[in-house]
Amino acid sequence: VFGKDITLILILNNLSFDHKTVKVDMSASTILYTRRAVAEILKASTSVDLGSKQGKHIQLKIPYSYYGKYLTTDKRIQVTALCEVMHMHGVKLLVEKTIILEDTNIIIKIPRRVVVNKAVTLEISYANPLPEPVDRCVLLVTLMNQQVKIHLARLAPRERSKIYFEFTPRRTGPLQLQLDFSCDKFSHVKGFVTIAVAPA
């Protein structure tokens, strides 16, 4: 989840009866959705001895403080591990994983029944997932082909807050509500919901 430390585990298994030493070079970079690297955030090397038919786990931790300021709006991190079996004349294995960090920031609560031409109040809850405060918070609400920009108070580290948004639906059927939350430390955290509007 965005704002938290990331822990990954690489599992190495020796499927043969021979003892093996594996050199592992690990790196992590923030990337765009096109897979183009933005910034390298971690580099680590280790050596693992594997006995006959033995397996071992290598843990890699990426703290938020390493990736936070280098993350793009795509919220993607590419982790690679190059495993080289020593004394085996160039036997190498490359393991890659792309992590897409999830947002759990926006929660929208709708009344059980929404009726045409009758005012309805939604509860919109939003959060700062970071271990540091955020400023210049803005919520952009798109509904019925109109946009409303709401300026919000600053949020303390890991703070959750909520606002109430009132509107009157003018037609029956499905209605899409889209939210876009931004601040000085991250942007474009999205939430959306389809509201079923019943006849009066």
Side-chain angles (χ1 to χ4, degrees), residues 1-13 24-46 55-83 92-110 122-143 147 149-150 152 154-163 176-195:
V1 175
F2 175 60
K4 301 272 177 76
D5 294 349
I6 300 164
T7 303
L8 299 167
I9 292 171
L10 176 69
I11 302 165
L12 294 176
N13 287 313
V24 183
D25 291 319
M26 293 176 284
S27 68
S29 299
T30 56
I31 60 166
L32 301 171
Y33 74 95
T34 56
R35 290 173 62 95
R36 189 168 75 80
V38 176
E40 188 173 72
I41 52 173
L42 185 72
K43 210 172 175 63
S45 285
T46 188
K56 280 190 180 173
H57 292 189
I58 299 172
Q59 185 170 296
L60 180 69
K61 191 169 186 178
I62 309 171
Y64 166 73
S65 58
Y66 284 25
Y67 72 80
K69 59 178 175 285
Y70 300 112
L71 211 57
T72 69
T73 51
D74 296 333
K75 295 189 175 68
R76 288 169 191 252
I77 294 173
Q78 174 95 11
V79 181
T80 61
L82 181 63
C83 308
K92 293 180 181 179
L93 172 69
L94 181 67
V95 181
E96 282 189 332
K97 182 164 180 66
T98 301
I99 301 160
I100 302 171
L101 298 173
E102 290 177 15
D103 291 313
T104 53
N105 283 10
I106 296 181
I107 299 165
I108 308 159
K109 286 187 183 169
I110 310 163
L122 306 178
E123 183 187 288
I124 299 168
S125 156
Y126 54 96
N128 170 16
L130 307 183
E132 55 191 334
V134 295
D135 254 323
R136 298 197 296 278
C137 303
V138 174
L139 186 68
L140 194 64
V141 181
T142 307
L143 182 70
Q147 282 195 334
K149 195 178 203 177
I150 304 165
L152 307 165
R154 77 194 300 256
L155 290 170
R158 312 259 189 241
E159 184 186 358
R160 181 168 280 283
S161 191
K162 59 185 163 190
I163 59 164
Q176 271 211 349
L177 169 79
Q178 291 180 327
L179 302 173
D180 190 318
F181 177 66
S182 292
C183 65
D184 63 338
K185 301 279 191 329
F186 56 86
S187 59
H188 305 305
V189 173
K190 296 183 187 297
F192 92 98
V193 71
T194 301
I195 303 164

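Fair warning: this is a prediction, and the values are worked out from it, not measured in the lab. Just so it is clear, the values below take in all heavy atoms, side chains as well, and ignore hydrogens, waters and symmetry mates. Numbering starts at 1 and runs along the sequence shown.
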* Asked: Does a side-chain heavy-atom distance below 4.5 Å link Lys75 with Val189?
  -> yes

* Structure fact -> Interatomic distance, SG@Cys137 vs CZ@Arg154, rounded to 0.5 Å, equals 9.0 Å

* Structure fact -> Sorted by chain and residue number, the salt bridge (charged side-chain N to carboxylate O under 4.0 Å, His left out) partners of Arg136 (sequence neighbours excluded) come out as none

* Asked: So does Glu96 pair up with Arg35, basic N to acidic O under 4.0 Å?
  -> yes

* **Minimum heavy-atom distance Met26-Val24, with the two atoms named** => CG-CG1, 3.7 Å

* Kindly indicate, with the supporting measurements, whether the criterion side-chain contact (heavy atoms from CB on, under 4.5 Å) is fulfilled by Leu155 and Lys185. => CA-CA 11 Å; Leu155 290 170; Lys185 301 279 191 329; over 6 Å; no

* To do: Can you sort out the partners of Lys149 under salt bridge (charged side-chain N to carboxylate O under 4.0 Å, His left out), two or more places apart, ordered by chain and number?
  => none

* Can you tell me how far CG of Leu8 sits from CD1 of Ile99, rounded to the nearest 0.5 angstrom? -> 4.0 Å

* **Residues in salt bridge (charged side-chain N to carboxylate O under 4.0 Å, His left out) contact with Asp74, at least two apart in sequence or another chain** => none

* Has Tyr64 got more than 12 heavy atoms of other residues, nucleotides or ligands less than 6.0 Å from its OH? -> yes

* Asked: So, do Ile195 and Leu177 sit near enough that their side-chain heavy atoms are less than 4.5 Å apart?
  -> yes

* Heavy-atom pair with the smallest gap, counting every atom of Lys190 and Asp180 -> NZ-OD2, 2.6 Å

* Asked: Under 4.5 Å between any side-chain heavy atoms of Ile106 and Phe192, yes or no?
  -> no

* Taking only residues two or more places apart in sequence or in another chain, which ones pass side chain to side chain donor-acceptor pair (under 3.5 Å) with Thr98? -> Gln78

* Show your working on side-chain contact (heavy atoms from CB on, under 4.5 Å) between Cys83 and Leu12 and close with a plain yes or no. => CA-CA 9 Å; Cys83 308; Leu12 294 176; 4.0 Å; yes

* Asked: Does Tyr70 offer a backbone N or O that forms a donor-acceptor pair with the side chain of Thr30 under 3.5 Å?
  -> yes

* To do: Might you point out which heavy atoms bring Ser125 and Arg160 nearest each other, and give the distance in Å?
  => OG-NH1, 2.6 Å

* Asked: To the nearest 0.5 Å, what is the distance between CD (Gln59) and CD1 (Ile9)?
  -> 5.5 Å

* Does the side-chain contact (heavy atoms from CB on, under 4.5 Å) test come out yes or no for Val193 and Leu122, once each step is laid out? -> CA-CA 11 Å; Val193 71; Leu122 306 178; 5.8 Å; no

* **Evaluation steps, side-chain contact (heavy atoms from CB on, under 4.5 Å), between Ile6 and Val79** => CA-CA 11 Å; Ile6 300 164; Val79 181; over 6 Å; no

* Is the backbone of Gln147 close enough, under 3.5 Å, to the side chain of Thr142 for a donor and an acceptor to pair up by distance? -> no

* How long is the span from the CD1 atom in Ile124 to the CG atom in Leu152, to the nearest 0.5 Å? -> 9.5 Å

* Specify the closest pair of heavy atoms between Ala28 and Ile77, including all atoms of both residues, with the distance to one decimal. => CB-CG2, 4.3 Å

* ring-ring contact (aromatic ring centres under 6.0 Å, His included) against Tyr126, all qualifying residues, sequence neighbours excluded -> Phe181

* Asked: Rounded to the nearest 0.5 Å, what separation is found between the NE2 atom of His188 and the CG atom of Leu140?
  -> 9.5 Å

* To do: Specify the closest pair of heavy atoms between Leu143 and Gln176, including all atoms of both residues, with the distance to one decimal.
  => CD1-O, 3.5 Å

* **Exercise: identify the closest heavy-atom pair between Leu42 and Ile62** => CD2-CG1, 3.9 Å

* **With sequence neighbours excluded, residues passing side chain to side chain donor-acceptor pair (under 3.5 Å) with Glu123** => Tyr164

* Look at atom NZ of Lys56 and say whether more than 12 heavy atoms of other residues, nucleotides or ligands are closer to it than 6.0 Å. => yes

* To the nearest 0.5 Å, how far apart are CZ in Arg76 and OG1 in Thr34? -> 9.0 Å

